[in-house]
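To start, the structure under review is shown below, and the notes come after it.
Throughout, protein chains are lettered first and strands after them, A, B, ... in sequence-line order, and every chain is numbered starting at 1.
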Amino acid sequence: MSASSSTLSQTTAPERPPRTLWGDAWRRFRRDKLALFGAATLIIIVLACVVGPLVYTASHRQIDFSRAQIPPSWAHPFGTNDLGQDVLARVLRGGRVSLSVGITSMLVAITVGTLIGAISGFYGGWLDVALMRFTDLFLSLPQLPVLLMVIFLFRETLRRLAGPETGIFLLMVLVIGSLNWMSVARLVRASFLSVREMDFVLAAQAIGAPAHRLIWIHIFPNVLSPVIVAATLSVGTAIITESTLSFLGLGFPPDTPTWGRLLFDARDYLEQAPHMAFFPGLMIFLTVLSINFVGDGLRDALDPQMRLR
Amino acid sequence: MSLKRLKMQLVRLGLLLIPLFMVGGLLVHHWVPAQAQADDTLRLLYWQAPTLLNPHLSTGTKDFEASRLVYEPLASFDAEGEMVPFLAAEIPSIENGGVAEDLSAVTWKLKSGVTWADGEPFTAEDVVFTYEYISNPEVGAITSEYYADIASVEALDPSTVKVTFKEPTVAWFVPFVGTNGMIIPKHVFETYNGPNSREAPANLAPIGTGPYITEDVKPGDVIVYVANENFREEGKPFFKRVELKGGGDATSAARAVLQTGDADYAWNTQVEAAVLAQLEAAGIGRVVAKPGPNMERIVINFSDPNVEKDGQRSHKDVPHPFLTDLNVRKALSLAMDRQTIADQIYGVAGTPTNDYVLSPENIRANAPWEFNLEEAAKLLDEAGWVDSNNNGIRDKDGVEMRMVFQTSVNPVRQKTQEIIKQDLGKIGIDLELRSIDASIFFDSEPNNPDNLGHFYADLQMYTTGNDNPDPTGYMRRYLCEEIAQKENNWANANDSRYCNPTYDAMFAELVRMMDPEERDEQVKKMNNFLTVEDVAVIPLIDRTSPAAAANSLDGIDLTPWDLEPWNIKDWTRKS
Amino acid sequence: MTRYLINRLLISIPTLLAISVVVFAILALAPGDPMAEFATNPAITAEVRENIRRSLGLDQPIYIRYVKWLWAFVRGDMGFSFNSRSPVVNLILQRLPTTLWVVGTAYLLAALLAVPLGVISALKRYTFFDQVVTTLAFVGFSLPTFFTGILFIIIFSVQLRWFPFIYNSTLRVTNWATFMAQVRQSIMPVMVLVLFQAAVLMRFVRASMLEQMNRDYVRTARAKGLRNFVVVNRHILRNALIPVVTLVALDIPTVFTGALVTEQIFRVPGIGALLVDSIYRGDTPVVMAITFIYAILIVIFNLVADILYGILDPRVQYTR
């Protein structure tokens, strides 16, 4: 998003780009080395997971006990696991699942949170009270236990409806997402409350702009920055949550590689074959790290207060 | 950043670390190695924590195990299948008049002078009460099925009890024997023989006749036992104190015994072979295998899981398109790489087998088996199953050899599935693997289509076996009348829908036989019929339950027919 | 103020009721039952199962069970556990001290560590120190706790043999030696939790500090010529720590539910381990009791956080 807006600003005004929100943000973001490093790492990881399995064609399921637990070598850059399966192939495959869980559940959380926050903050009144009670209700649920319980109890139903992998994926994404939207809703609501009273909104209202236009065109862009930051952070949380669920035996089916599952499977082989744990662990670490760097960078870049520096 | 500032930062970081190291040093200084702990304390580690100390209300094997230190049955079976008396004075037999000639009743003589841990005498009344308690539906005893064949239990005198059966039975040794036979005290449980059974304080503070009494019980965490001063055998048990810690996972339990010495004995260390071998290499502990009747098998569906009839799939009257072909079944059995599965996945916990009945040893047939993909392919070719449309999968008359292979979620089972899928793929049979959560797969709900009774798949894999040395009940599983169908809520044991009059006839003969040796031969004959001649079932692995024990521990003697601490009074520590 | 409190408490009652309905419904609608382990056992027939269900009171309709449960809970009776058949209160009380000790210590240490580190790294933004601390924090929350736990066991128990990895709950602290034993066996679980908690908290403190540092009042203070120390201490810190204090207050109830994963790994018999076991074994009364107590604590500490906010930030007025 930021990349495209920067090229846009360059073509329209080559000499001195106008100071737009996104242009400014991109310029500040560019100066933040950690954030740039994060963005680059993230892009590499995502690309590797999306394109990787097409380029690196070793099978991720082929069992061969004659080559079990081999340390990294040219034939198997990340080594092999206890069944002789290629760890690199599994890490790449696993990345697809882990990243999609992270990103999709983030989207669920952000969508629900923004919707509830926006409606609550914009309309106020009894609707606000009701929605905020609803938010409180979700906040008072113990997160991990409820997550455990719902997944433990309903995965078989969903598996039957949508197949073993899709079913658990849907369930996991929905549950992680629907337990993480509350802070977003509160952030959005708070921002809406303050922005709603500002002159430009009142002006737009005065010339008769309809509610949805007010919400999405006038107010929403102003609350975007906290939402973006919350979004980046929740991707990391979701990846960790998925791995914890794998540890408790409630994640994807055992033969579906995810980073969390790979790390979990490697736990008994830490002494004999540390590479089995190292690579998936490194991937989780790098992903979460770079997501957080990007999130930090975005916050600094988008925060109007920071512009003064 | 200048070099000088970097140095400053490092110094500051160092300052932060110094107190950390000081604290660490202090702690290490006070470290007492685990081995230095008292020698007369036995530390048991169960990765499933016991929550209840009443065997008849158990919620899992763990509860039976923990209860066994306190309670005793009348008798039990050792690893050779020989009966060993506990509370009985002698083993009843037809010769000594204990067992009625017509096998309709058994009379037990009880040891005299035995007292409960609280000093009350143990009498025949306690045995009678135990029966009343177990068979009371309001109690909800988990063991009640083992007592279902009993007509009456009566105390002839304080040290004699007579058990009369509804029908003559060769399995007169099921009630009050072994795992399910622990006797509970009448004077403690008398007022809790009803719907209030779960409110009995003794469920967590048991009074038994065994070598130990509980000192501290924390359900789901730890149970501390101390020696029962009223125990009848002088000088036993050796260990004055037993700490049974629960929780965690199997691998770290094995680690605590084999590698760090934090515990003396770990129960059921079902850990992958490679890991266990590596832990054992530390040299302070060993893996002891508990032999058992449990066999991991592939069950074949003789009915078609894809055709619906009378509101159910896998109907016994709709034969399977190719699994009813003996050559196909033989080919499947030949394509099972039992050795690799055993070596690579089970390790000490399993050996390859082709026997339906594994224990006791004297009725084991040791049926032959081999892994031979060429031979399997040849059999399929001969039977007319060839790849006529060149899609890599064999077919005949438009039917493709595709199968759904289901089992419960369990890493060991999933890996086995993968190996089998690969091998069958090589001979042109395509498998779709399904893994179902254990609580769903093994449940018995009539409206759950995913359990093993419904068997809406072509093959399925699980473990079971005979639960006492008499395999008659276990042999019933393949009778025509035992077929699991909608009519019996899929509760019958023949999930395979196998029906062969030859086998039924052999079973009828077995039931009529009274001579032990003749019976043993018949069981072996039936065994080979099921696994070799007719391939009704494909046995894979003889599963043992491995336990980890410290090298200093002596006297462990595991038997398939009783719990692991059954002879804990004889456990000692080598100095 | 009092009216505000009463109002808030009254409002929370429907929320609590809703939570209890939700949790109860989830549990009641689930397939499977407390007898799962015996499922393969042919001796446990449908009839035996029915007897067991009846003895646990599971044969009644859901709504009747719910009303019964709720009425009993209001009177302080949390019922009997299906698994241990002992009162749920006893189980919770038995485990509460361990949880408070391990998880509570971890939380305290994490807060003590996170606040200064967060403050310093915000003040020294983009320096070497900041980057080291930030990276460590990221390591802290990008490694799942189950993994750090096992790593610690391998390093400190197996290789170095410093600490035992089986938590002994029968240990009674009577003298210096037993106290040290208690500390030693708690170190690893506590450290795993501290690593994670401190990381999260530290990031929050840092962000909160940064937010305040660019405010107008700070510039005013600096313009007045106040010394840096005074500006930081009197102005920035006071304002920056307000959200931190409330966050900590809101997190206290999670101490009660314990640490699910860490307790499992180190065999710490806390509430978290009890909860996981109970979920797996379908032990409804225990799960209900723990989640519901948690919800009540959340409501209470929400209130505490609000009041703290009012005390710390005089601008906040209690209305309604």
Side-chain angles (χ1 to χ4, degrees), chain B residues 1 5-6 9 12-13 27-28 30-31 33-34 45 49 51-52 57 59-61 137-146 195 197-199 203-204 216 218-222 224 243 245 247-249 252 255-256 259-260 262-263 438-440 442-445 448 462-464 467 489 491 493, chain C residues 31-49 51-56 80-86 91 94-95 127-129 132 150 153 157-158 160-166 168-170 177 180-181 183-184 187 263-267 269 273-274 277 281-282:
Chain B
M1 189 188 305
R5 271 188 62 196
L6 185 77
Q9 304 282 7
R12 261 182 238 170
L13 269 180
L27 294 166
V28 175
H30 282 271
W31 170 242
L45 199 53
T51 51
L52 188 67
L57 301 181
T59 57
T61 313
E138 290 193 317
V139 168
I142 199 87
T143 44
S144 59
E145 189 61 18
Y146 297 96
S197 63
R198 62 198 175 116
E199 287 157 32
N203 290 341
L204 286 174
D216 189 9
K218 293 184 177 154
D221 173 24
V222 68
V224 179
E243 292 172 8
K245 172 82 178 172
D249 60 284
S252 73
R255 193 187 290 288
Q259 204 176 28
T260 65
D262 281 312
S439 65
I440 309 287
F442 292 120
D443 89 351
S444 56
E445 287 284 317
N448 168 14
Y462 59 84
T463 285
T464 186
D467 55 10
N489 278 332
Chain C
D33 60 33
M35 293 295 124
E37 197 196 314
F38 288 119
T40 33
N41 191 335
I44 311 300
T45 59
E47 196 190 336
V48 178
R49 258 163 203 284
N51 287 341
I52 294 165
R53 289 179 69 83
R54 197 177 318 126
S55 86
L56 296 176
F80 285 86
S81 151
F82 289 168
N83 284 319
S84 71
R85 315 248 169 150
S86 64
L91 287 179
Q94 212 162 48
R95 282 158 179 262
T127 60
F128 180 67
F129 180 87
V132 168
I150 293 162
I153 288 181
S157 290
V158 176
L160 298 172
R161 307 209 158 221
W162 284 5
F163 312 121
F165 67 96
I166 297 175
N168 175 7
S169 56
T170 55
M180 286 316 288
V183 170
R184 240 189 359 254
I187 280 188
E263 290 184 5
Q264 188 99 341
I265 292 175
F266 294 101
R267 295 180 167 80
L274 178 68
D277 278 356
R281 306 192 146 265

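When B:Pro195, B:Gly248, B:Ala141, B:Ser197 are compared by the number of non-hydrogen pairs under 4.5 Å with chain C, B:Gly248 comes out ahead. Among C:Ala181, C:Pro269, C:Ser86, the residue with the largest count of heavy-atom pairs under 4.5 Å with chain B is C:Pro269.
There is no contact between C:Phe266 and chain B, counting heavy-atom distances below 4.5 Å. Contacts of C:Ile150 with chain B are absent, with no heavy-atom separation under 4.5 Å from either backbone or side chain. Both the backbone and the side chain of B:Lys218 come within less than 4.5 Å of a heavy atom in chain C. If you measure heavy-atom distances from B:Gln259 to chain C, the contacts under 4.5 Å come from both the backbone and the side chain. For chain B, no part of C:Leu274 is nearby; none of its heavy atoms comes within less than 4.5 Å. There is no contact between B:Ala493 and chain C, counting heavy-atom distances below 4.5 Å.
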Check against side-chain contact (heavy atoms from CB on, under 4.5 Å), B:Asp221 and C:Arg95: CA-CA 9 Å; B:Asp221 173 24; C:Arg95 282 158 179 262; 4.0 Å; yes

- request: Test side chain to side chain donor-acceptor pair (under 3.5 Å) on B:Ser252 and C:Arg267 and set out the steps.
  value: CA-CA 10 Å; B:Ser252 73; C:Arg267 295 180 167 80; 2.8 Å; yes

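Atom CD of residue C:Gln94 and atom CG of residue B:Asp216 lie 7.5 Å apart, to the nearest 0.5 angstrom. Atom CG of B:Leu45 is separated from atom CD1 of C:Ile166 by 4.5 Å, given to the nearest 0.5 angstrom.
Residues B:Asp262 and C:Pro164 approach most closely at OD1-CB, 4.2 Å, considering heavy atoms.
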